[in-house]
Amino acid sequence: MTESADLAPIREAVRALCANFPGEYWRRLDRERAYPEEFVAALTKAGFLAALIPEEFGGSGLTMSAATAIMEEIQACGCNGAACHAQMYTMGTLLRHGSAEQKARYLPAIARGELRLQAFGVTEPASGTDTLNLRTTAVRDGDHYVVNGQKIWTSRAEHSDLMLLLARTTPRAEVKSRTGGLSVFLVDMRAARGKGLTIRPIRTMMNHATTEVFFENMHVPADNLIGAEGDGFRYILSGMNAERILIAAECIGDAKWFIDKATGYAREREVFGRAIGQNQGVQFPIARAYIGMRAAELMVREAAALYEAGKECGAEANMAKHLAAEASWAAADMCVQTHGGFGFAEEFDIERKFRETRLYTVAPISTNLILSYIAEHVLDLPRSY
Ligand SMILES: Cc1cc2nc3c(=O)[nH]c(=O)nc-3n(C[C@H](O)[C@H](O)[C@H](O)COP(=O)(O)OP(=O)(O)OC[C@H]3O[C@@H](n4cnc5c(N)ncnc54)[C@H](O)[C@@H]3O)c2cc1C
């Protein structure tokens with residue numbers, strides 16, 4: 001499955017932009033755990049973060065394949081799209097399920113870069129992957145909802161104006177269907193911060209701007225409910241295929257970066273009077289990582305093609321995410337090994353990318369949950385939970 005030639009100029013433009021953000025830029029931010037403001041601003045200005053916003057709302061109106069090419073290229077250049085990837089998939093929920101008024105109010109402003117929709121509040125400390133068991137509540141009171149509860153791992157909340165929030169509007173015991181009673185809100189965090197919304201950063205092994213978020217009687221206007229009350233879980237699920245495909249593309253980009261670094265080093269580094277890459281013991285792990293990356297890349301392309309054709313792609317999106325996350329992690333490990341001691345040195349960027357790419361077999365969905373999805377939904381095995 002070869003990629004359309006139309007995407008070559010997009011890839012080239014992303015590469016040109018990323019050239020302004022070399023390793024030392026990311027190393028400094030990593031040391032300071034600082035947000036890549038300039039990088040995100042440049043991507044926004046170039047229209048890349050509005051790739052999936054239709055032209056009628058001021059976006060670039062590109063396809064999912066184009067969006068994957070953008071995210072892949074960012075990673076393959078050694079940059080980190082995790083600073084801003086959420087905008088691409090969270091705004092899909094607004095686009096598909098928001099009212100005409102909500103779309104007109106928010107999408108053009110997001111496309112222009114005046115508003116950032118980078119925060120996605122789903123995961124909670126107590127319920128984890130068991131989303132239907134989340135405890136944050138939103139209770140209607142006249143023209144607004146009152147939100148109480150807590151989210152965890154709400155990435156980029158400090159660097160976003162808006163958050164897509166999933167909260168329970170009907171107690172679990174009172175809902176008719178297992179997945180009912182949850183609702184999605186677009187929270188304007190600029191208005192809510194200090195008025196019931198508290199954001200606390202969590203330091204992690206990589207620079208990810210992730211946080212925990214506390215809601216204490218936070219008021220959200222009823223106008224900011226997306227779609228119908230109680231249908232929120234379905235809306236969030238409908239955005240998950242895009243999320244999986246885009247993150248899979250990022251993993252492919254990471255794998256390409258690691259493979260490129262390793263081959264370059266294996267050709268140049270001489271030990272025992274010859275290039276280390278002349279040893280099959282060094283060549284084979286690189287070749288293996290390359291094969292894994294290419295196989296995963298095919299699945300990412302297939303998932304993106306199905307998605308943009310409007311076809312069912314849950315299995316392919318999950319398999320793409322799984323294969324790509326495994327491929328990038330295998331390539332990361334191989335790259336450290338190929339570099340020997342230098343793989344640990346900060347200035348080579350490998351240890352930084354190694355830490356960054358480790359995330360993707362855990363988030364946004366962990367390996368086991370993907371395997372369980374395939375077992376139950378594709379292979380028709382009994383439900384395990
Ligand atoms: C850096 C970072 C950024 C994140 N960003 C966001 C964000 O922006 N927004 C957001 O909402 N969330 C975010 N997340 C949360 C992320 O999606 C979750 O961490 C992930 O889905 C796993 O959930 P958990 O951590 O609660 O693990 P748990 O659900 O507690 O699971 C722990 C382990 O047990 C396994 N497990 C659990 N149940 C089963 C089962 N039934 N069968 C087999 N294995 C099982 C899981 O696979 C996992 O390996 C982020 C997480 C991290 C670390």
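Just so we're clear, the structure is a prediction, and the values are computed from it rather than from any experiment. One-based numbering, in listed order, for ligands and for the atoms of each.
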Hey, does the side chain of Arg358 reach the backbone of Ala332 with a donor-acceptor pair shorter than 3.5 angstrom?
-> no

Same cluster for Ile236 and Tyr307 if Ile/Leu/Val/Met/Phe/Trp/Tyr side chains link at under 4.5 Å?
-> yes

closest protein heavy atom to atom 47 (O) of ligand 1 is Ser366 OG, 2.6 Å

Provide, to 0.1 Å, the distance between atom 15 (C) of ligand 1 and the closest protein heavy atom, together with that atom's residue and name.
-> Thr123 OG1, 3.3 Å

Name the closest protein heavy atom to atom 16 (C) of ligand 1, giving the residue it belongs to and the distance to 0.1 Å.
-> Ala363 CB, 3.8 Å

Closest approach of any protein heavy atom to atom 20 (C) of ligand 1, naming residue and atom = Val362 O, 3.5 Å

In this structure, atom 44 (N) of ligand 1 is nearest to the protein heavy atom Asn368 ND2, 3.0 Å

Met206 contact mode with ligand 1 (heavy-atom cut-off under 4.0 Å) = side chain

A student checking ligand 1 against Gly128 at a 4.0 Å heavy-atom cut-off should list atoms 26 (O), 29 (O)

Any protein heavy atom lying closer than 4.0 Å to atom 10 (C) of ligand 1?
-> yes

Partner of Arg116 under side chain to side chain contact (heavy atoms under 4.5 Å, CB included), chosen from Val40, Ile110, Leu49, Leu162 = Val40

Under 30°, 30 to 60°, or over 60°: which ring-plane class applies to Tyr235 and His97, parallel, tilted or perpendicular?
-> parallel

Atom 38 (N) of ligand 1 [closest protein heavy-atom partner, distance rounded to 0.1 Å] = Leu369 CD2, 4.2 Å

Hey, is atom 52 (C) of ligand 1 touched by any protein heavy atom at less than 4.0 Å?
-> yes

Is Arg288 close enough and on-axis enough to Phe284, meaning under 6.0 Å and within 45°, for cation-pi?
-> no

Min N/O separation Thr210 to ligand 1 under 3.5 Å | no

Determine yes or no for a side-chain-to-main-chain donor-acceptor pair under 3.5 angstrom, with Gln75 supplying the side chain and Gly81 the backbone.
-> yes

Same apolar cluster (I L V M F W Y, side chains within < 4.5 Å links), Leu165/Val139 = no

Close N or O approach (Leu359, ligand 1; < 3.5 Å) | no

Honestly curious: do Leu186 and Val220 fall in one hydrophobic cluster under the side-chain, below-4.5 Å linking rule?
-> no

Taking everything shown except Tyr290 itself, do over 12 heavy atoms lie less than 6.0 Å from its OH?
-> no

Show which atoms of ligand 1 fall inside a sub-4.0 Å distance from at least one heavy-atom site of Val122.
-> 11 (O)

For atom 4 (C) of ligand 1, state which one of Ser155, Pro364, Ser160 supplies the nearest heavy atom.
-> Ser155

Ring pair (Phe, Tyr, Trp, His ring centres under 6.0 Å) between Phe185 and Tyr145: does it pass, once the steps are laid out?
-> CA-CA 10 Å; Phe185 299 89; Tyr145 285 83; 4.8 Å; yes

Any protein heavy atom sitting closer than 4.0 Å to atom 7 (C) of ligand 1?
-> yes

Heavy-atom protein neighbour under 4.0 angstrom from atom 30 (O) of ligand 1 = no

Determine, stepwise, if the pair Glu356 / Arg352 fulfils salt bridge (Lys or Arg N to Asp or Glu O under 4.0 Å).
-> CA-CA 6 Å; Glu356 288 170 359; Arg352 171 179 63 82; 3.2 Å; yes

Closest to atom 41 (N) of ligand 1 among Tyr385, Tyr360, Phe120, Trp153 (heavy-atom distance) | Tyr385

Do me a favour and list the nearest non-hydrogen protein atom to atom 28 (P) of ligand 1 with residue, atom name and distance?
-> Thr129 OG1, 3.6 Å

